[in-house]
Amino acid sequence: MAKYLNDISRTFSEYLLIPGLTSKECTPDNIKLNAPLVKFHKSEKVPISLNVPFVSAIMQSVSDHNMAIALARNGGLSFIFGSQSVESQAEMVRKVKMYKAGFVISNANLTPEHTLRDVIALKESSGHGTIGVTDDGTSQGKLLGMVTGRDYRVTRDHLDKPVKEFMTPFSKLVTGDFGISISDANDIIWDHKLNCLPIIDKNQHLKYFVFRKDYENHKANPNELSDDNMKLLVGAGINTRDYEERVPALLAAGVDVMCIDSSDGFSEYQKDTLQYIKSNFGENVKVGAGNVVDRDGFLYLAEAGADFVKVGVGGGSICITREQKGIGRGQATSLIEVAAARAEYFQKTGIYIPICSDGGIVQDYHMVLALAMGADFLMMGRYFARFDESPTRKLMVNGNYMKEYWGEGSNRARNWQRYDAGGTEGLKFEEGVDSFVPYAGKLKDNLNVTLAKIKSTMSSCGVMDLEDLKENAKITLVSSTSIIEGGAHDVVVKDSHSTKG
């Protein structure tokens, strides 16, 4: 006889948060949204943390390199979609890692014997206006000078003019020593009114450039998520079929974390994938797994070596897995049970495995509920698909601007690997739809509003950070009539577009 679970499968809309004491210190400005991304022992520092608890979904219509750059600059992280060739996914990762400066390896270099013609060609092909002049023309050669747009005039100088005749020679350069901090490098830039500071080692070999514009960009994006070299962090989705080829390519491109993308993560295929990666590339290679909806699924992936576990089956806005297969569980119920299993695992082993809530978010307040119920961070597709930075087209539909949005299980994506259950290849039936979402503008503007709502809600709950929220939030079930009570009711709402005032 089948096992019957007595717990009702509940959604976020069936819960509300109860206000807590808001102290004078508990203001939105003081509330922190940092969250662990990967597992850690209670005696250790978290290897990778998020500055805001958001990651973008592993979807063709959401997470390419442009989304990854925008989200990392604002504190979150993207998992670049894996339903593409290994080469194109690795190239997207590479673009993200090359985007952020800080300590930047020079990708535009020439020798003193090159000509102005070479300078112009290199500038056009690379897009870089600052060129390092080294003895061998490489990024690590002995620095002999620099060329910028101030060193030549195309209308006056002959194209065959050697670089050594118009470059700024090393003797006139202000440089920084290899090992200098980014803060000290920026101080030199400001003190000497520079646009670029070369960093050299004791043998005068070029190591990095530090640019003034990157300091200004960082000041405009204080939550920016970057590594020790000030490179943006980026993730990538993988599957359980071609990981032996895909993982090495992603690591070579500089990926910081990977996640096995599957609608059902309670699978021996995921265990095999995790164990292959860990045994061949080591524990420092971070890989999340999922999706699961209960204690058994979480513990299985935890024991298999997952660095975080994704929770949620069938709750995405474009997902029809529950309709097609009758598989899934309400997102709130799933999170509550998995969070309890995570606490049990932590108590037993001392290892904390972060939980990612994937799906079920309809309203912004659902985000706070998910975090209060135990999620460390949220993976969202529809939320990010609406923005300029998503890879889809903006279209006019019935008089309104919309963005295209389709599921990985749709006929359009045909990401059969995500739904692979063994056997022959191919997508036998759809588990996602092709749709539109209302266009919302820039990621940064929308994200700032969402984060303000989250912080305001946490302030009302009397908590200062996400760990505090998980430990001390008070949550109540709501009835259908109290849901009606919670919105505008018994009034005629004015049309804000037709009234003044």
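On a predicted model such as this, the values are computed, not experimentally measured, just so you know. Reckoned from all heavy atoms, side chains included, excluding hydrogens, waters and symmetry mates.
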So, [X] side chain and [Y] main chain: donor-acceptor pair closer than 3.5 Å or not?
{"X": "Lys97", "Y": "Ala253", "value": "no"}
{"X": "Gln204", "Y": "Gly141", "value": "no"}
{"X": "His192", "Y": "Leu194", "value": "no"}

Checklist entry - Can Ile199 and Phe209 be said to form a side chain to side chain contact (heavy atoms under 4.5 Å, CB included), step by step? => result CA-CA 6 Å; Ile199 305 298; Phe209 283 138; over 6 Å; no

Counting only heavy atoms not in [X], do more than 12 sit closer than 6.0 Å to its [atom1] atom?
{"X": "Lys470", "atom1": "NZ", "answer": "yes"}
{"X": "Tyr401", "atom1": "OH", "answer": "no"}
{"X": "Ile105", "atom1": "CD1", "answer": "no"}

Shortest non-hydrogen contact from [X] toward [Y]:
{"X": "Leu71", "Y": "Leu77", "value": "CD2-O, 3.3 Å"}
{"X": "Val62", "Y": "Tyr405", "value": "CG2-CE1, 3.8 Å"}
{"X": "Val210", "Y": "Ile189", "value": "O-CD1, 3.5 Å"}
{"X": "Ala68", "Y": "Val234", "value": "CB-CG2, 4.0 Å"}
{"X": "Cys461", "Y": "Leu17", "value": "SG-CB, 4.1 Å"}
{"X": "Pro36", "Y": "Ser49", "value": "CA-OG, 4.2 Å"}

With a 4.5 Å cut-off on side-chain heavy atoms, are [Y] and [X] touching?
{"X": "Ser88", "Y": "Glu91", "answer": "no"}
{"X": "Val163", "Y": "Glu113", "answer": "no"}
{"X": "Leu335", "Y": "Phe12", "answer": "yes"}
{"X": "Ile188", "Y": "Ile180", "answer": "yes"}
{"X": "His205", "Y": "Leu143", "answer": "no"}
{"X": "Asp64", "Y": "Met67", "answer": "yes"}
{"X": "Cys356", "Y": "Leu378", "answer": "no"}
{"X": "Val38", "Y": "Phe40", "answer": "no"}

Quick one: [atom1] on [X] to [atom2] on [Y], what's the gap to the nearest 0.5 Å?
{"X": "Gln60", "Y": "Ile80", "atom1": "CD", "atom2": "CD1", "answer": "13.5 Å"}
{"X": "Arg150", "Y": "Met146", "atom1": "CZ", "atom2": "CE", "answer": "8.0 Å"}
{"X": "Leu301", "Y": "Lys310", "atom1": "CG", "atom2": "NZ", "answer": "11.5 Å"}
{"X": "Ile238", "Y": "Gln270", "atom1": "CD1", "atom2": "CD", "answer": "8.5 Å"}
{"X": "Tyr208", "Y": "Asp201", "atom1": "OH", "atom2": "CG", "answer": "11.0 Å"}
{"X": "Ser106", "Y": "His128", "atom1": "OG", "atom2": "NE2", "answer": "7.5 Å"}

Go through the structure and list residues passing salt bridge (charged side-chain N to carboxylate O under 4.0 Å, His left out) with [X], not counting sequence neighbours.
{"X": "Glu44", "result": "none"}
{"X": "Arg342", "result": "Asp376"}
{"X": "Lys394", "result": "none"}
{"X": "Lys278", "result": "Glu283, Asp307"}

Item to check | side chain to side chain contact (heavy atoms under 4.5 Å, CB included) between Asn51 and Glu224, intermediate numbers included | outcome: CA-CA 7 Å; Asn51 291 331; Glu224 194 167 77; 5.9 Å; no

Checklist entry - Does the ring of Tyr383 carry Arg386 above it, NZ/CZ under 6.0 angstrom from centre and within 45° of its axis? => result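 Positive - Arg386 is close enough to the ring of Tyr383 and near enough to its axis.
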
Checklist entry - Is the NZ or CZ atom of Lys207 positioned over Phe178's six-membered ring, under 6.0 angstrom from the centre and within 45° of the axis? => result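 Checked: cation-pi criterion met.
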
Salt bridge flag under 4.0 Å for residues [X] and [Y]:
{"X": "Arg246", "Y": "Asp242", "value": "yes"}
{"X": "Lys286", "Y": "Asp256", "value": "no"}
{"X": "Glu389", "Y": "Lys442", "value": "no"}

Side-chain donor-acceptor contact under 3.5 Å, [X] with [Y]:
{"X": "Ser279", "Y": "Gln275", "answer": "no"}
{"X": "Asp136", "Y": "Thr138", "answer": "yes"}
{"X": "Ser357", "Y": "Gln331", "answer": "yes"}
{"X": "Lys444", "Y": "Asn221", "answer": "yes"}
{"X": "Thr168", "Y": "Asp151", "answer": "yes"}
{"X": "Asn291", "Y": "Asp358", "answer": "yes"}
{"X": "Ser43", "Y": "His41", "answer": "yes"}
{"X": "Thr115", "Y": "Lys161", "answer": "no"}
{"X": "Ser459", "Y": "Ser456", "answer": "no"}
{"X": "Ser61", "Y": "Thr392", "answer": "no"}

Next on the checklist: Please determine whether side chain to side chain contact (heavy atoms under 4.5 Å, CB included) holds for the pair Leu466 and Lys32, giving the CA-CA distance in whole Å, both sets of side-chain angles, and the decisive distance to 0.1 Å.
Outcome noted: CA-CA 7 Å; Leu466 296 181; Lys32 306 299 182 186; over 6 Å; no

Checklist entry - With sequence neighbours excluded, what pairs up with Arg212 under the side chain to side chain donor-acceptor pair (under 3.5 Å) test? => result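 Arg212 satisfies side chain to side chain donor-acceptor pair (under 3.5 Å) with no other residue.
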
Next on the checklist: Once ring pair (Phe, Tyr, Trp, His ring centres under 6.0 Å) is applied, do any residues pair with Phe81, and if so which ones, sequence neighbours excluded?
Outcome noted: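 Residues passing ring pair (Phe, Tyr, Trp, His ring centres under 6.0 Å) with Phe81: none at all.
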
Next on the checklist: Between Ser56 and Ser63, does the side-chain hydrogen bond (donor to acceptor under 3.5 Å, both in side chains) criterion hold? Intermediate values first, please.
Outcome noted: CA-CA 6 Å; Ser56 65; Ser63 297; 2.6 Å; yes

Next on the checklist: Run the side-chain hydrogen bond (donor to acceptor under 3.5 Å, both in side chains) test on Tyr439 and Asp388 for me, step by step, so that the C-alpha distance in whole Å, both residues' side-chain angles and the decisive distance to 0.1 Å come before the verdict.
Outcome noted: CA-CA 8 Å; Tyr439 168 67; Asp388 286 324; 2.6 Å; yes

Checklist entry - How far apart are the C-alpha atoms of Leu110 and Leu122, what are their side-chain angles, what is the distance that settles it, and do they pass the side chain to side chain contact (heavy atoms under 4.5 Å, CB included) test? => result CA-CA 9 Å; Leu110 294 172; Leu122 182 58; 3.7 Å; yes

Checklist entry - What do you reckon, are the aromatic ring centroids of Phe54 and Phe377 less than 6.0 Å apart? => result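 Between Phe377 and Phe54, which both carry aromatic rings, the centre distance is not below 6.0 Å.
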
